[in-house]
Visitor: 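Can you read through this structure? Questions will come right after.
The chains referred to below are lettered A, B, ... by the order of the sequence lines, with proteins before strands, and numbering in each begins at 1. Predicted model only: the values in this text are computed from it and were never measured.
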Protein chains: 2
Amino acid sequence: MTFRRACGHVADMDSVDAILAQWRRERPELDVAPMGLLGRLVRLTTHLRREIEHTLARHGLTASSFDILATLRRSGAPYRLSPGDLLATAMVTSGTMTNRIDQLEKIGLVERLPNPEDGRGVLVALTAIGLERIEAAVTAHVETQIRLTAEMPETDREALDALLRGWLARFE
Amino acid sequence: MTFRRACGHVADMDSVDAILAQWRRERPELDVAPMGLLGRLVRLTTHLRREIEHTLARHGLTASSFDILATLRRSGAPYRLSPGDLLATAMVTSGTMTNRIDQLEKIGLVERLPNPEDGRGVLVALTAIGLERIEAAVTAHVETQIRLTAEMPETDREALDALLRGWLARFE
DNA sequence: TTCATATATCTTGACGTCGAGATAAATGGA
DNA sequence: TCCATTTATCTCGACGTCAAGATATATGAA
């Protein structure tokens, strides 16, 4: 199904357009343009997240555990950060972080060491197995990310990145 | 902190740029441009989702329960759909849908009716209270969506919507 | 009519997340 | 030094999600 848009070109109607059409019929006074934008953003992110989780699962990792290991890895040797450091970039609560570390410790990919500089805290360190695991997972993850963006023209990718950067800046 | 980009203009370095810089140092062979785009997308969506959930919570709803009520509402009177119909737009599994309906039924916003056309199935119907609740919640939700997109210039919003539409089309 | 297959929905158990609050150590002013 | 406050981390209970499989009804070919 196609429809002629206000600016004159023809585009396929997608699942979000169908939802907007329903709202225009039922609640015509609502301004649903923002809903379209946000709806596409949410649906797209859901698809992308699933693709990425599929790749990580082949390496025995969830998106959550990957986040921790990757943060430790990119911090550089000796691959040790406090839970508070990990919290600073992870967008989760402290309770969630504790749980994530617990799960990784349970399968031997990280270990908790006493923090010599702060008796209240600990350091989370990559184990040898954890390092090996994250090296392979990151390589595969980046390949997946390249695949997921590959069909988009270079100019579109740059434009999209710039727009997202600007919007994100209003929140961070 | 700012840095000069390859194309010559100066932009603020954001949290995603900081992550990419770490990867360039640790694993310089990786192509991290897609990671930047996907990272901004994920972080932005997380912020937006939280703002939206905050609004819905003031109406006693989660994003999940809102989805069901909104789908019923925009389907038009008599506001009845089967769980299968709800599944078709919701991007969740059938077990999740059963749970969502259970929760809404428990607080009296929907009810399950036998499906006269299919003895295996049921119809999920908005109750009077459910209709009242979703009418108010949708109004507030749209206001939040307008606020979240308001600071973006109109041309940017249209460009972003078009880019997202194109990318999403590869998945649906 | 009969039965194999398909379909609609629900059940179960494991996990990840959050919010609120608990615990323990660090910090800094009196 | 002492103690109030702050900070770092963890605990707990509730909830949403998924994957796999169970149950019950519908469908269609023989």
Side-chain angles (χ1 to χ4, degrees), chain A residues 42-43 45-47 49-54 56-58 60-69 71 80-107 109-125, chain B residues 42-43 45-47 49-54 56-58 60-69 71 80-107 109-125:
Chain A
V42 167
R43 290 185 78 90
T45 305
T46 302
H47 287 296
R49 188 169 38 71
R50 287 185 182 169
E51 292 278 342
I52 287 168
E53 285 172 355
H54 184 74
L56 297 180
R58 288 204 302 272
L61 297 174
T62 63
S64 309
S65 55
F66 175 84
D67 264 359
I68 304 299
L69 298 183
T71 303
R80 292 179 187 179
L81 293 171
S82 69
D85 294 333
L86 293 168
L87 263 181
T89 57
M91 297 188 78
V92 298
T93 63
S94 64
T96 297
M97 184 55 67
T98 297
N99 182 50
R100 287 182 172 191
I101 298 167
D102 285 348
Q103 301 311 314
L104 284 168
E105 198 169 33
K106 197 178 297 176
I107 58 177
L109 302 186
V110 305
E111 55 186 343
R112 281 185 172 93
L113 308 173
N115 187 336
E117 295 177 351
D118 190 331
R120 295 167 299 181
V122 297
L123 289 178
V124 180
Chain B
V42 167
R43 289 186 78 90
T45 306
T46 302
H47 287 296
R49 188 171 37 73
R50 287 185 181 167
E51 292 279 340
I52 286 167
E53 284 172 355
H54 184 73
L56 298 179
R58 288 204 301 273
L61 297 175
T62 63
S64 309
S65 54
F66 175 84
D67 264 1
I68 304 298
L69 298 183
T71 303
R80 293 178 186 179
L81 293 171
S82 69
D85 293 334
L86 292 168
L87 264 182
T89 57
M91 296 188 80
V92 298
T93 62
S94 63
T96 297
M97 183 56 67
T98 297
N99 183 49
R100 286 182 174 191
I101 297 166
D102 285 347
Q103 301 311 314
L104 284 168
E105 198 169 32
K106 196 179 296 175
I107 58 177
L109 302 186
V110 305
E111 56 186 343
R112 281 184 172 94
L113 308 174
N115 187 335
E117 297 179 349
D118 189 333
R120 295 167 300 180
V122 297
L123 289 178
V124 180

Visitor: If you assign A:Asp118 and A:Met91 each to the DNA chain C nucleotide with the nearest heavy atom, which residue ends up on the more 5' nucleotide?
Guide: A:Met91
Visitor: Do A:Thr96 and C:dC18 share a donor-acceptor pair, side chain to base, under 3.5 Å?
Guide: no
Visitor: I need the CG-C1' distance between B:Leu104 and D:dG16, as an integer number of Å.
Guide: 12 Å
Visitor: Please examine the side chains of B:Ile68 and B:Gln103, heavy atoms only from C-beta on, and report whether any two atoms are closer than 4.5 Å.
Guide: no
Visitor: For the side chain of B:Ser82, starting at C-beta, report the closest nucleotide among D:dT9, C:dT9, C:dA26.
Guide: C:dT9
Visitor: Please determine if a side-chain N or O atom of B:Arg120 lies less than 4.0 Å away from the OP1 or OP2 oxygen of C:dA6.
Guide: no
Visitor: Starting from P on C:dC15, measure out to CZ on A:Phe66 and report it in whole angstrom.
Guide: 21 Å
Visitor: Under 4.0 Å: is that the gap between some side-chain N or O of B:Ser64 and OP1 or OP2 of D:dT17?
Guide: yes
Visitor: Distance check needed: C:dA14 P versus A:Asp102 CG, whole Å only.
Guide: 18 Å
Visitor: Hey, could you give me the CG/CG distance between B:Leu123 and B:Leu86, rounded to the nearest 0.5 Å?
Guide: 10.0 Å
Visitor: Which nucleotide in the set C:dA8, C:dG16, D:dT11 lies at the smallest distance from any side-chain heavy atom of A:Gln103?
Guide: C:dG16
Visitor: Should A:Val124 and A:Arg80 count as side-chain neighbours, where that means a heavy-atom distance under 4.5 Å?
Guide: no
Visitor: Let me know the distance between CG of A:Leu61 and C1' of C:dG16, rounded to the nearest Å.
Guide: 15 Å
Visitor: Taking only side-chain N and O atoms of A:Arg112, does any of them lie within less than 4.0 angstrom of OP1 or OP2 on D:dT9?
Guide: no
Visitor: Separation of B:Leu87 atom CG from C:dT7 atom C1', in whole Å?
Guide: 12 Å
Visitor: Starting from the 5' end of DNA chain D, give me the residue, B:Gly119 or B:Asn99, whose nearest nucleotide shows up first.
Guide: B:Asn99
Visitor: I want to check one thing: is the phosphate of D:dC10, taken as OP1 and OP2, less than 4.0 Å away from some side-chain N or O of A:Thr98?
Guide: yes
Visitor: Under 3.5 Å, side chain of B:Thr71 to main-chain N/O of B:Asp67, donor-acceptor pair present?
Guide: yes
Visitor: How close or far is atom C1' of C:dC10 from atom CG of B:Asn115, stated in whole angstroms?
Guide: 16 Å
Visitor: Are any of A:Thr93's side-chain N or O atoms less than 4.0 Å away from OP1 or OP2 of C:dG19?
Guide: no
Visitor: Could you give the CG-to-P distance, from A:Leu56 to C:dG16, as a whole number of Å?
Guide: 13 Å
Visitor: Closest to the B:Thr62 side chain: C:dC18, D:dG16, C:dC10?
Guide: D:dG16
Visitor: Between the side chains of A:Ser82 and A:Asp85, is a donor N or O closer than 3.5 angstrom to an acceptor N or O?
Guide: yes
Visitor: Heavy atoms from C-beta onward define the side chain here; which of C:dC18, C:dC10, D:dT17 lies closest to that of B:Val122?
Guide: C:dC10
Visitor: If the cut-off is 4.0 Å, is A:Arg100 near the phosphate of C:dC15, judged by side-chain N/O to OP1 or OP2?
Guide: no
Visitor: Within this structure, what is the OG1-CZ distance for the pair B:Thr45 and B:Arg50, rounded to the nearest 0.5 Å?
Guide: 11.5 Å
Visitor: Could you tell me the separation between the CE atom of A:Met97 and the P atom of C:dC15, rounded to a whole number of Å?
Guide: 19 Å
Visitor: If each of A:Val92 and A:Gly121 is mapped to the nucleotide of DNA chain C with the nearest heavy atom, which maps nearer the 5' terminus, i.e. the 5' end?
Guide: A:Val92
Visitor: Side chain of A:Arg50 only, please: which of D:dC18, C:dT9, D:dT9 is the nearest?
Guide: D:dC18
